[in-house]
Amino acid sequence: MADEIARRSPSPPQPPLASLHSQPQPFAKDPRLQPPTRSRIRQQKLKYTFVGYIIVLIFLAITQVIGVLFFKEGFLLSRNVLPNISTCEEQADCMAPRFDKAIFLVIDALRFDFVIPIPDSDEYYHNNFPILYDLANSKSDNAVLLKFMADPPTTTLQRLKGLTTGSLPTFIDAGSNFDGDAIDEDNWLLQLHKINKTIAFMGDDTWKALFSEYIHPDLHFPYDSLNVWDLHTVDNGVIEHMYPLITKENCTKWDLLVGHFLGVDHVGHRYGPRHYSMKEKLNQMNDVIKHVIDNLEDNTLLVVIGDHGMDSTGNHGGDSPDELESTLFLYSKNKKFLKKEKSHYDTSNLGKNYRSVNQIDLVPTMSLLLGLPIPYNNLGFPIDEAFGSMKELSTASQKTIDQIKKFRRDTPSLSDSLLEEYDSYNSNYDTFSASKKHFAELIEQAKLYQYLSLEQCKGLWATFDLRFIGIGLGILFLSLTFMITYSRSIPAVRVLTMSFEFIGSVIAMSIMGLVLSFSIFIVLKPGDFTLNICLSIGVALGMVIGFWAPIMDRFSVGFLWHQTIDFFLYNFNSWSFMGIVFVIFHCLIFASNSYVVWEDKMVLYFLLTFGGTCIYACYTNSKLLPKAKILALLHAITFTICTRVASMINLCREEQRPYCTPTFTTTWWSVLLLHLVAYLLPACIKSFYDLSDSYHSAAPLWVGTGLKFLLFMNAVYWTFEYVGSNEYFSKINLFIGASLLTSFKLAIARLVLFISLVLANFSWSRGPLCVKLELSNSAGNITDIDDTDEDESSDSEAPNSKTATILGYGNVYGSSYFLLVLNFAVAIMLATRPVGTLSLSLLIVQILSLLEILDVLAIRKNLITPIVFGLLGYQHFFSTGHQATLQSIQWDFGFMTTETIVFPFTHLNIFLNTIGPFFIPALAIPLITIWKIVPSSKPITLLSQIITNITTLITYHLFTGLSSLLFAAHFRRHLMVWKIFAPRFMLSGILIISLNVFLIFVTLWFGTGRILSQINRIFGK
């Protein structure tokens, strides 16, 4: 076949054209009737080699996952909860209740400045919820308004735990915010339930997960809490069920009524606090409080709180002041509270002069006001203003200190450290408790004891297990050493790993490790090491020994060392040096919290350095013809400009301000640019395909039709979203209807996601290549292979000979494989905001320009190339509105395709949104090897080079991940550990796990395996 068909390639010289009409047509032969050929034998070898690589990489991935999980187990420990339940007898009888009933209203994310007057402010979140402040001023004897300080992490589930138990959550508890379990420690709702009080609830279904056994089943009305795009369902449901229950006819049905509103929080998550919907929600909450107060009975306490605040983007989870400062309001119609000083209500400086109390202080306050024992694990102190006199407050203080003393007594690490302070307070209380003039002194001394105890507990709230941390770091280090050897250092090692000897060794040693670890667990029963932990250690160590045993058996240590040095020096040049420098500096930034904060700028510096170097290399390359040099320079300049433009899209961390201005917002111009991208990006991709004459067959269908259609539908989706959320289109929204608009958006999102992830990938795996067979005769007439029979008969009668040319032959691998990259890119573009889609569009152009640069500069096999692909993933992670912080996770994208939580679609959307920018370069990594090359007669060699780049990318992420974990462990007592180092190591752990899975099963198994197999079958010699 190679003698009958001329293949046209962008690389000169072209082979001579051959005559077709006098030769037998090989297309007519049935391969099933032919004897085994060299091509079929090569296909079988390729298949076996491919499976061998998959198995080895899976073993390596399992080892890395075990290492990450061990480190997590040692670093992010849940706190130990004492199972004790308080009783009145243990606390020398409870205080007499001040109130018979309570209405407990939670307005999620009610930041403190939302409820106080802010002069001359035109923000939607200011001056639209005045009733709390007005009552606190006009009825100061009956109303209390305080700043309510949350403890980080500022996520709803953790705040509810603190508000009911009085304890401090650990950082790892934030991970259970969307999978909360029932509270298993003492809390004041449990205490109400113990004395047969009736609890009614309506609102956020997080309460259902935590307190369902205490809530009366007939008065339980939970609503889905996580659909942040739904602003009204939960709030309207609370109002619908609460209003009838607070009437005089029904108020005897309950003793505690809990209502949890979510509208304010959802507006923040979806639009941010500066959206006009925030004004509507705050006005609605103002009306709700007014209605409740109008129907409030004399013996009922009204408590209105916010569980946390929100930052300027509407998110929460961290520890910035805007996230920590929430609201506490107490009101009673006839019970008086302690007087407040006027300075507490100074309206200047956004409420900074208001008195603040900790959220856990509400726990002893509620318990004592309702005549309940204080929960056993409480660490808070009664709120001064909630009591009617200094004598009551002094008594409440004494009972709280006794409870804290009992808690400390039963906690080994706390028992005796504050004994002297407690004895001093206890002695003074016994002596002066009956004297009115000493009440203030006793209260202050009690506060000092509670403060010292709380600070000590905060220092112990995360107890690190250095054993598990060390095991995790050790496993990851051993995995890294083998990955370095496997990826680049010694080619002979890779040949060995394809043998059954190597795979058998890994499997055998893993099984042996399982057996030994199980035996050790049964015989020794090692303390904190559970069976799962022992088995995990056994498997990990077994795999490591299984990796190295056959290698050390085959090669001596000296030989390995010399081969490693020789291979490294042979491939070492200035580009490799640059790659090594990038890796070293990226690893070292984790040694400083300031550099971690500015990691996005560091990544930008690396990429711009590479881009500038490429421009210089292309300009000084004397081997290039003038036309080729100009084209190469254009590619290098395009890559550099796209890198710089993408960096202008950012979401600032709190620590970056005021030196950073966020630009990651949805505006009319960003939506308009989406429509332009729907036409410009396909045209740009077509121009790259035209460089290698590859825009044929599948390419026009995928790029010219499919990509353009899906990008246009994405633009339509965001147009609907912008119209539905913009104040200027409110009349149009009323005319269309919110439900109809939501239905349109759901239909579009589901259609795009289904086509891009399912239909397009299935079609790609079965579809044609981006080539075209063109027939021509000696007269110069060109016809297609699909010409009619009439054309063929006329040709056979003519004396002219026919020749054939394969258009796109010179990039047959790359042009076809890149269509798979586009499939996933479209799905990821759907799961990000408009400016994020613009960033990912620039990423596509960057990748194509980079591939052309690698071809011109002949640095395909260099260390720098996969590292740059890894850096591109980081850059577009930041430019799609992400940072290594909890609050930057865009949870709202879980509801693009569903109205409720539906596994796996809700989770898939969030995953694509968060990790998707890393997936696109990871999926494009084989293009380093297969872009602009003709079909190879050695597909196994091609596969080996692709494996080199894949494992180098994994090694790069393993280097940065291990460095992040190592410095997080080193700075575990650093002031910024939970704000900076812990979230960054969590990102590294997620990347190590997810990229291993994606590279093995999508990039290698689904993508590379199919393209190499298909082209080897068609063009194999």
Side-chain angles (χ1 to χ4, degrees), residues 124 203 205 223-240 261-272 274-281 283-284 314 665-675 677-678 708-759 826-827 829-837 890-902 905-906 908-910 912-913:
Y124 287 118
D205 61 356
Y223 291 87
D224 181 17
S225 62
L226 296 181
N227 187 355
V228 297
W229 287 24
D230 185 348
L231 309 182
H232 307 293
T233 298
V234 178
D235 290 357
N236 293 340
V238 174
I239 293 170
E240 176 186 353
F261 298 89
L262 287 172
V264 173
D265 180 66
H266 286 187
V267 170
H269 281 298
R270 185 172 182 182
Y271 303 122
R274 290 184 170 87
H275 195 266
Y276 76 95
S277 298
M278 183 62 78
K279 175 181 179 181
E280 297 175 354
K281 270 295 155 191
N283 288 337
Q284 183 187 30
T665 56
T666 302
T667 58
W668 65 269
W669 58 264
S670 63
V671 176
L672 177 62
L673 285 177
L674 279 189
H675 289 274
V677 165
K708 187 177 294 184
F709 169 75
L710 293 176
L711 290 177
F712 173 73
M713 295 304 293
N714 189 19
V716 171
Y717 175 92
W718 284 104
T719 301
F720 284 156
E721 171 64 19
Y722 182 75
V723 170
S725 62
N726 195 281
E727 184 177 9
Y728 298 104
F729 298 103
S730 56
K731 293 183 179 179
I732 298 178
N733 298 336
L734 292 175
F735 176 76
I736 297 176
S739 60
L740 183 60
L741 202 61
T742 300
S743 299
F744 278 142
K745 291 190 299 181
L746 285 174
I748 292 173
R750 290 169 180 173
L751 177 67
V752 173
L753 201 64
F754 173 76
I755 292 177
S756 58
L757 288 184
V758 180
L759 186 59
V826 169
M829 286 178 180
L830 172 70
T832 187
R833 302 194 192 281
V835 285
T837 301
Q890 300 169 27
W891 301 107
D892 53 323
F893 277 92
F895 301 94
M896 285 196 73
T897 53
T898 59
E899 293 188 274
T900 58
I901 298 177
V902 179
F905 303 106
T906 303
L908 176 64
N909 294 339
I910 298 173
L912 289 176
N913 172 271

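If you read the sequence from its start, that first residue is 1, and numbering goes on from there. On a predicted model such as this, the values are computed, not experimentally measured, just so you know.
For the side-chain contact (heavy atoms from CB on, under 4.5 Å) with Asn714, the qualifying choice from Thr837, Thr832, Val677 is Thr837, the only one to do so.
With hydrogens and angles ignored, the 3.5 Å screen pairs no side-chain donor or acceptor of Ser670 with any backbone N or O of Val835. Using modelled atom types, no side-chain atom of His269 and backbone atom of Val228 make a donor-acceptor pair closer than 3.5 Å. Checking side-chain atoms of Asp235 against main-chain N and O of Phe261 turns up no donor-acceptor pair under 3.5 Å. Between the side chain of Asn283 and the backbone N or O of Lys279, at least one donor-acceptor pair lies under 3.5 Å. Side-chain atoms of Asn236 do not come within 3.5 Å of backbone N or O of Val238 as any donor-acceptor pair.
The line from CG of Leu674 to OG1 of Thr666 is 9.0 Å long, rounded to the nearest 0.5 Å. For the atom pair OH (Tyr124) and OH (Tyr276), the distance works out to 9.0 Å, reported to the nearest 0.5 Å. Rounded to the nearest 0.5 Å, atoms CD (Gln890) and CG (Asn909) are 12.0 Å apart. A distance of 5.5 Å separates CH2 of Trp891 from CD1 of Ile910, quoted to the nearest 0.5 Å. For the atom pair Leu672 CG and Thr667 OG1, the distance stands at 9.5 Å (nearest 0.5 Å). Atom CG of Leu231 and atom NE2 of His275 lie 9.0 Å apart (nearest 0.5 Å).
When side chains are defined from C-beta on, Met713 does not count as touching Tyr717, because their heavy atoms never get closer than 4.5 Å. Contact of the Lys281 side chain with the His232 side chain is registered, since non-hydrogen atoms from C-beta on lie closer than 4.5 Å. The closest side-chain heavy-atom distance from Asn227 to Asp224 is below 4.5 Å. Residues Glu899 and Thr742 form a side-chain contact, since some pair of their non-hydrogen atoms from C-beta on lies under 4.5 Å apart.
The existence of a salt bridge linking Asp265 and Arg270 is excluded, since no basic side-chain nitrogen approaches an acidic carboxylate oxygen closer than 4.0 Å.
Residues Ala831 and Leu912 share a closest heavy-atom pair of CB-CB, 4.1 Å. Here the closest non-hydrogen pair linking Ser277 and Tyr271 is OG-CE1, 4.0 Å.
Side-chain contact of Thr898 with Thr906: a donor-acceptor pair under 3.5 Å is present, judged by distance alone. The closest side-chain donor-acceptor pair between His675 and Thr719 falls under 3.5 angstrom. Side-chain contact annotation: Asp205 with Ser225, donor-acceptor N/O pair under 3.5 Å present.
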Please table the atom pairs, donor to acceptor, closer than 3.5 Å between any side-chain atom in residues 746-755 and protein atoms at least two apart or in another chain.
from: Arg750; atom 1: NE; to: Thr897; atom 2: O; distance (Å): 2.7
from: Arg750; atom 1: NH2; to: Thr897; atom 2: O; distance (Å): 3.1

*Before giving the answer on side-chain contact (heavy atoms from CB on, under 4.5 Å), spell out for Arg833 and Asp892 the whole-Å C-alpha distance, their side-chain angles and the decisive distance to 0.1 Å.*
CA-CA 11 Å; Arg833 302 194 192 281; Asp892 53 323; 2.7 Å; yes
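Using cut-offs of 30° and 60° for the angle between ring planes, the Phe893 and Trp718 rings count as tilted.
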